[in-house]
Amino acid sequence: MPSPPPLDRLAALLPPGRVLTDAESLAAFGRDWSEIHLPPPAAVVLPRAVAEVAAVVRFANEHRVPLVPSGGRTGMSGGAVASAGEVVVSLARLDRVLDFDPVDRTVRVEAGAVTRGVQEFAAARGLCFPIDFASSGSSQIGGNIATNAGGLKVIRHGTMRDRVAGLKVVTGRGDLLDLNRGLVKNATGYDLRHLFIGSEGTLGLIVEATLRLTAPPPPRGVLLLAVPALPHLLDLLCAFRAAVALSAFELFCDTSLRHVLAARRLERPLAAVSPFYALVEFDRPDGAAEDAALAVVERAVAAGWASDAVVAQDEADCRRLWLLRESIAESIAPEDPHKNDISVTVSRLPAFLAEVERVVRASYPDAPVLWYGHVGDGNLHLNVLRPEGLDPAEFARRCREVDERVFEVVAAHGGSVSAEHGVGLLKKDYLGYSRSAAEIAAMRGIKAVFDPNGILNPGKLFDTAEEEPT
Ligand code: 2HG
Ligand code: ZN
């Protein structure tokens, strides 16, 4: 058991009020949306300047105090959970917009800037920050980068990785690195920026980012299709992709829809009840785009790829249809579902889903199984609800068993055990299903370069050799 950190020395390094130890702050900052409940952290630090972050990292190295970098804590894999009495470093007070360049179409922000604030800043300047998810109101840019967050428009705009033009990080050694500085072209060897994107706070603390903005989106069209059989998803995707400029192609199953309708007290959007539904969003700059989309709908119904369809007539309709997809996670949250976030290449998705479904059904004959996700990115969210009357501990045990079998299918398809929610604490035991032993060894080597004393987010993503259970 490590000795408690000398918090008086930490407090002496920073202006007053930057180190919190009250029970409420410890409880709030010690957890994320994964709702893993562990003993609270030793303290929470709220730096307001990069120099303060560097001072905290120097202190941590000197006293061997583990640090947990913390953003909006909207992660679902326990990446920001303080699991062993660490000091949480919240970037929430480092939240300024520093610079905007209309020629480069970039905005430079501190790590604690909230996603929605960046979206609004860009919109007010006639541009768009296109990364968007249900947690945009509280997730922070630093956390989005540390987890390479994706969201609802990846098919068009990519993930956070594609938006980061420059990155400033304080490494676990306490060095300040200014990476890529907004350049479009920079062929000077290893692009270290990309090591920090998705590193889940294990290599450095992201303190600042230069983000690439896009042109504002044209008016959109949205439609919902009832899809009777999985293979038709790809027929639909290819047909729409050939006819219109797609910005989203999402999926949900009827069980997901039923949960949303009940939670939100809504009517069914389509007369047909179908095992799956596809939500399609496309650019609708003029009537021609809408006609092209409608022609695909007609063809799809004639071919039996879709059994029913509804097309949004205006922006309010678009929002109503999106609500059916966006509020699934929230609608089932009270039932504390067992979650998986898996991906394969898009072309494999129908076969993969069917195979995983067989594995899951065989193991949970009476548990409600929900599928939804981002078909255009090959990313599926598999949620299993605890059957009524089943003891929660027994359900958790069974879920762990089934996960292994699901991940065997993932590995057989060359897929990923975490498409967009990260690894954190929840998925680290399964990393080997998606990354080879040589890759994990290389990751450990990289960790040792940037964080030789292992003070940054220990136990997340993978265990370093010393932490590994014997
Ligand atoms: C979504 O796509 C989110 O709705 C949440 O990534 C996924 O609840 C989940 O499993
Ligand atoms: Zn998702």
Side-chain angles (χ1 to χ4, degrees), residues 1-32 38-71 73 79-96 110-112 140 142-143 145-146 167-179 192 195-196 199-209 446-461 463-464 466-467:
M1 191 69 189
S3 49
L7 295 181
D8 49 337
R9 295 208 193 165
L10 178 61
L13 291 173
L14 302 167
R18 298 280 212 283
V19 181
L20 310 179
T21 51
D22 63 288
E24 203 181 316
S25 303
L26 296 183
F29 282 89
R31 70 167 80 121
D32 64 11
L38 289 160
V44 179
V45 209
L46 290 157
R48 273 181 195 268
V50 173
E52 292 176 15
V53 175
V56 172
V57 171
R58 276 195 302 276
F59 160 89
N61 274 300
E62 193 181 327
H63 299 281
R64 297 291 193 270
V65 173
L67 302 177
V68 174
S70 177
R73 298 186 307 286
V81 165
S83 54
E86 301 97 330
V87 169
V88 171
V89 185
S90 165
L91 282 305
R93 301 269 172 89
L94 215 57
D95 64 348
R96 289 170 303 167
E110 291 181 324
Q140 297 172 10
I145 296 172
L167 203 58
K168 274 192 194 159
V169 296
V170 175
T171 70
R173 288 178 182 269
D175 298 327
L176 177 63
L177 305 183
D178 187 0
L179 303 170
L192 302 182
L195 285 179
F196 290 88
S199 66
E200 301 192 17
T202 60
L203 303 178
L205 286 132
I206 293 164
V207 289
E208 197 183 293
I446 291 166
K447 166 92 174 155
V449 168
F450 289 110
D451 182 23
N453 294 322
I455 54 148
L456 284 183
N457 226 3
K460 310 292 168 46
L461 202 50
D463 289 317
T464 49
E466 309 86 72
E467 295 158 354

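Predicted, not measured: the structure shown is a model, and the values here were computed from it. Start at 1 with the first residue, then count along the sequence.
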Can you find a heavy atom in the side chain of Thr202 that is under 4.5 Å from one in the side chain of Asp451? no

For the student: nearest non-hydrogen atoms of Val19 and Ala11, plus distance: CG2-CA, 3.9 Å

My understanding is that only residues two or more places apart in sequence, or in another chain, count here; which of them pass salt bridge (charged side-chain N to carboxylate O under 4.0 Å, His left out) with Glu200? none

Can you list everything that forms a salt bridge (charged side-chain N to carboxylate O under 4.0 Å, His left out) with Asp32? Sequence neighbours excluded, please. none

Per-pair distances, 0.1 Å, donor-acceptor, side chain in residues 42-50, under 3.5 Å, sequence neighbours excluded:
none

Mind checking salt bridge (charged side-chain N to carboxylate O under 4.0 Å, His left out) for Arg173 and listing every partner two or more places apart, or none if nothing turns up? none

Take Asn453 and Arg64 through the side chain to side chain contact (heavy atoms under 4.5 Å, CB included) test and state the conclusion after the steps. CA-CA 7 Å; Asn453 294 322; Arg64 297 291 193 270; 3.3 Å; yes

Closest approach of Leu195 to Leu203 (non-hydrogen atoms, all atoms of both residues): O-CD1, 3.5 Å

Can you list every pair that meets salt bridge (charged side-chain N to carboxylate O under 4.0 Å, His left out) and has a residue in residues 13-27, with sequence neighbours left out? Arg18-Glu52

Applying salt bridge (charged side-chain N to carboxylate O under 4.0 Å, His left out) to Arg58 and not counting sequence neighbours gives none

So which heavy atom on Gly172 is nearest to which on Val57, and how close? O-CG1, 3.6 Å

Write down the atom of Val65, the atom of Pro5, and the distance for their closest heavy-atom approach. CG2-CB, 3.6 Å

If we only count heavy atoms from C-beta on, is the Val68 to Val87 side-chain gap below 4.5 Å? no

